[in-house]
Amino acid sequence: MTELKTETITINMGPQHPSTHGVFRLILTLDGETVVDVEPVVGYLHRNHEKIGEKNNWIQNTPFTDRLDYISPMSNEFAYVLAVEKLAEIEPPERAKYIRIIMVELNRIVNHMIAVGFLLNELGCFFTPMFYCLRWRELVVDLYEMTAGSRMMPNYFWIGGVSADLPEKFLPECKEFVDAVPGFIDELERLLTDNEILQMRCRNVGVLPPDVAVEYGCTGPLLRASGVPYDIRKAEPYSIYDRFDFDIAAGTVGDVLDRYLVRIAEMRQSAKIVEQALRDLPEGETATPKKRKFRPPEGDVYHRIEAPKGELGFYLVSDGSENPYRYKIRAPSFVNLQSLPYMCRGHKIADVVIIIGSIDITMGEVDR
Amino acid sequence: MLGFGILKGMSVTLRRFVDTYVGDLGKFPWRYRSRPVYKRMGITERGAFTIQYPEERVAMFPRYRGPLMLLTDPEKGITRCIGCGLCERTCPTESIKVTRAEEKVDDQRVPETYEYDMNTCMFCGFCVQICPQDALGHSPELEMGTYSKGDALILNLDQMLELGRKHAPGGVWPLEKEAEPS
Amino acid sequence: MEAIQGILEFIDQIFVKLSFWFSAQLANFLPDWGVTFIMMFATVLVLIVFGLASIIWINVFERKIIGRIQDRYGPNRFGPWGLLQCVADMIKLLTKEDVTPTKADRLIFNLAAVAPVIPTFMILAVLPFGRGMVAADLSIGYLYIVAVGCLGTIAIFMAGWSSRNKYALLGGMRTVAQMISYEIPMVLSVVGVLLLVGSLSMVSIVEAQGQWRLPFVVLQPLAFVLYFTAAVAEVNRSPFDLPEGESEIVAGYHTEYSGIKFAMFLLAEYINAFSICAIATTVFLGGWQGPILPSWAWFFIKTYFLYFVLIWMRGTLPRLRVDQLMNFSWKTLVPLALANLMLTALVAKLVPQYSHVGAIAFLVMNVVVIVCIALVKYPRWRRDRREVVLVPRTATPQVDSS
Amino acid sequence: MSVEQVVFLVLAVAAVGSAVGVVISRNIFYSALLLVACLFIVAGFYVLLEAPFLAAVQVLIYVGAIAVLIIFAIMLTERMMSKTVRGWNEQWWIALIVTVCLVAVMLYVVVTANWQVSDAATPSDAIVALGQTLLSTYVLPFEVASVILLMALIGAIIIAREEEPVGVVGEQKEEER
């Protein structure tokens with residue numbers, strides 16, 4: 001009796017499953033409750049985003065980028081707009097640059113709140129932390145609506161600036177929000193970080209060693225939790241990130257717990273950045289004059305930013321016409337998802353769920 | 001360790017539990033405010049944050065991007081739209097169709113038909129921003145639900161003008177400018 | 001003064017008197033055995049109606065509390081303060097299509113929907129709801145509860161197996177493993193109390209607490225915590241709700257059930273949760289004993305307080321994992337329950353019963369046990385604390401990818 | 001016929017019926033469930049004999065633990081799930097002989113035994129008496145039984161144990177790469 005022969009069972013997790021963050025299917029091979037193999041199946045939400053991008057003209061693409069990672073629309077717009085500006089060599093006004101930073105960092109807070117909230121929800125907290133987090137997201141989307149007119153699909157960033165100046169009430173409310181964020185995060189941490197069950201569940205689950213993370217091309221909090229302090233905001237500062245003082249949070253082990261802690265630490269840092277940006281916000285114009293169409297020079301460009309989920313890059317090829325010749329997105333969720341089978345093998349089925357939650361994917365971005 | 005983390009967490013939830021009742025006391029006896037409230041909830045305010053929708057209605061932000069409306073010039077009494085079709089060409093989802101009328105009214109060109117298809121509209125707001133006459137605006141309408149998609153959600157010229165007269169009598173958008181005395 | 005006492009006494013005994021009056025009326029025109037039969041039948045009917053009716057408020061109670069915990073109002077649309085929400089839900093469930101999967105084993109699938117409800121109602125029979133208000137004061141009281149409680153396992157397992165759904169099967173397997181494991185600490189933790197009482201009868205347990213003039217939770221706090229934890233696991237409530245962990249295995253054993261059959265599982269779950277609170281009240285919180293208020297009022301106050309704690313836990317805590325669940329039972333609860341039992345036996349032998357010295361001795365014993373555990377666990381907890389590293393400024397890091 | 005006799009008859013018919021069902025049912029899962037029913041009815045007999053303690057223990061141990069284990073084993077065993085398990089195999093005649101012998105012996109015992117009827121009322125605190133007897137008069141068999149059970153447990157663990165412990169998750173992954 002050296003080994004008991006057991007039979008594996010195959011389970012289809014998804015496309016309709018409560019915790020696959022959208023329409024995502026996993027084919028799990030289980031030995032009892034232990035995961036032997038995982039095969040992710042993506043593409044249920046595919047909607048020809050890149051092809052549509054080639055049909056639209058350069059300006060018309062911004063509202064479509066909102067639909068990529070619908071949790072953090074501002075970051076998507078930011079990446080696209082920066083890429084086009086790099087291609088066409090447009091310099092937005094100073095005030096617009098600061099406004100962009102404020103929006104994008106607020107977006108990072110929102111995204112991490114959603115990520116942490118859903119992770120805890122998948123741990124079985126019955127929506128409580130999620131509702132607390134959603135409440136704070138609500139405050140941010142209110143700020144978005146106040147400024148841009150739409151909560152989830154703001155279409156706020158323009159090529160060469162932002163679509164409208166900040167409304168009067170924005171500054172005091174944003175200041176109040178940013179001041180309140182650390183208190184809220186403290187409360188969230190008091191709620192669950194020290195919780196024995198959470199510690200038990202997350203510790204040493206889904207470990208991704210740094211070298212493996214790099215090999216898989218993981219970026220964002222996933223990579224930083226593995227102990228690689230790589231952040232594009234620091235590594236190759238774009239826009240005006242070199243003017244702000246902030247730290248990169250890095251984990252030590254690379255498990256789910258580290259990702260949770262890294263996200264929480266990043267929220268604090270983002271609040272710090274917004275505070276500095278609000279302090280230094282200059283007066284002046286917010287956009288270069290608006291046009292219906294414009295033709296960037298021929299050439300190609302790749303621009304990447306540190307989106308909340310990782311490296312978000314736009315590769316654009318221009319043939320000098322009104323439309324992009326090629327419009328390619330390097331989506332962080334899609335790349336980060338590749339490491340899922342590696343992390344899941346040997347764990348229990350309940351761990352698969354929290355590992356997915358800790359990667360923080362949005363299917364809109366994975367499938368495009 | 002030993003459940004102290006659990007107890008700490010439970011103290012947080014208990015506090016929230018009590019806070020909602022304290023918040024209710026603050027609203028006593030008007031639990032449901034019947035007038036629209038501008039602020040959905042305070043940032044530092046505690047307590048239940050749901051809005052009891054049919055009773056409590058939140059006023060939309062002035063810049064809220066709802067369905068399109070055509071603005072009327074209050075002095076002339078006709079629409080500002082000259083039917084140039086720039087909105088039609090800039091629309092990424094091809095939701096707008098405009099034709100220009102042959103004869104002018106009050107020395108101004110006017111549209112003959114205007115068809116706005118809300119089924120495909122993505123509310124990006126490009127048409128409003130591009131309009132050379134500032135004749136388009138977003139109405140703060142949010143209860144546009146119908147029982148069927150299709151024709152019910154396609155607005156014609158008259159309906160859009162009606163929306164404009166209803167929500168922006170001053171004929172300007174964003175609505176925050178409307179409030180300013182000028 | 002005496003008049004007030006008389007009124008209090010009357011309110012206290014109102015249900016008992018009612019039942020005497022009813023049987024006296026019956027005796028006028030029925031033979032002895034007929035009265036007995038009808039009284040038995042009436043008692044059962046009352047219990048079942050109580051069980052079914054309590055769902056109506058327990059459900060709303062639970063959803064409103066969870067809502068408040070989550071900064072929401074909870075159901076408040078149907079009926080005053082949303083109190084009739086459950087009625088609306090029931091109507092919805094009853095009018096839903098009753099689906100039986102094609103591949104399912106029809107007989108067992110349908111049987112399994114009814115089976116879990118029976119033992120839950122059987123448990124209600126031995127609970128003393130007030131002074132003299134117990135349907136059957138069995139001499140084997142607590143053993144009966146445990147024995148009947150384990151019948152639910154088979155019902156859930158039947159449901160999981162007959163659905164022919166892999167999620168249901170996983171849920172069923174989890175349930176069985178969990179329920180068998182947690183029965184042991186649940187029984188062992190109460191044995192300490194039984195040792196002090198010297199009887200298994202639920203009524204004697206309550207009366208013994210009257211003699212101590214203290215609820216057993218003071219004498220046996222550790223046992224109370226152990227019992228409550230194990231019992232929560234036994235009825236599959238959060239944080240031990242793995243059999244129906246909705247984020248992992250959809251809905252576990254009742255994934256395939258819909259409509260009225262699903263409602264039956266829900267019914268069983270709620271009554272079970274109520275039962276464990278009622279048992280904890282009886283065994284540890286002094287049951288119906290309490291000043292001024294009528295005995296049944298005290299019983300329900302204590303029970304619903306415990307139910308509130310249950311909901312509170314559900315609103316706060318994450319779920320455990322399967323292997324951790326098993327570890328927790330076998331490596332933490334069972335040894336602690338055993339230690340508690342042995343120490344209780346020792347102390348009970350040394351100190352006189354029903355005395356203050358005895359009470360203090362028991363309390364000291366429990367404190368000593370808890371401090372010992374803390375001393376053992378604390379260094380490891382210190383070592384395991386994890387914090388993120390904040391890196392102020394870095395260039396692109398070099399990763400050794402060899 | 002008194003009430004007890006009626007109840008006994010009903011229980012007896014149910015017990016025998018479910019027992020027969022266990023044997024002849026084609027679906028082994030049904031057999032297991034009928035076994036549960038049969039064991040449960042036996043608990044009913046104990047209640048009838050005014051031995052509630054024994055009844056509770058019967059339900060607790062046989063229905064709650066052993067039957068669940070049997071069902072567990074059936075469910076997790078391959079091919080047992082299929083609905084048409086054959087009711088007999090080549091050794092049916094051996095089984096028949098053994099069964100006939102067994103029935104004969106039991107009949108002989110039933111017929112020849114001297115059934116004593118006790119007039120003494122059942123003591124009210126039977127559990128206390130039972131406990132005291134188990135730990136005084138019959139303490140040796142009680143302890144021996146527990147030791148045997150412990151040995152069986154340890155034996156089961158030793159047999160089921162895998163020789164080489166499965167590596168830690170991290171190690172497994174090292175090999176895979």
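Below, read A as the first sequence line, B as the second, and so on, with proteins coming before strands; counting in each chain starts at 1.
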F17(B) meets the ring pair (Phe, Tyr, Trp, His ring centres under 6.0 Å) criterion, sequence neighbours left out, with Y21(B), F308(C)
Okay, L317(C) and chain B: the region with an atom under 4.5 Å from a heavy atom over there is side chain
Here the gap from D71(C) atom CG to D19(B) atom CG, rounded to the nearest 0.5 Å, amounts to 7.5 Å
Taken in chain and number order and not counting sequence neighbours, the residues that satisfy side chain to side chain contact (heavy atoms under 4.5 Å, CB included) with T146(B) are A152(B), L153(B)
Against chain B, residues from residues 220-233 of chain C with at least one heavy atom under 4.5 Å, in numeric order, are none
Here the gap from I65(C) atom CD1 to T13(B) atom OG1, rounded to the nearest 0.5 Å, amounts to 11.5 Å
Heavy atoms of R16(B) and I69(C) approach each other most closely as CB-O, 3.6 Å
ask   = Got more than 12 heavy atoms from elsewhere within 6.0 Å of CE, M144(B)?
value = yes
Sorted by chain and residue number, the ring pair (Phe, Tyr, Trp, His ring centres under 6.0 Å) partners of Y307(C) (sequence neighbours excluded) come out as none
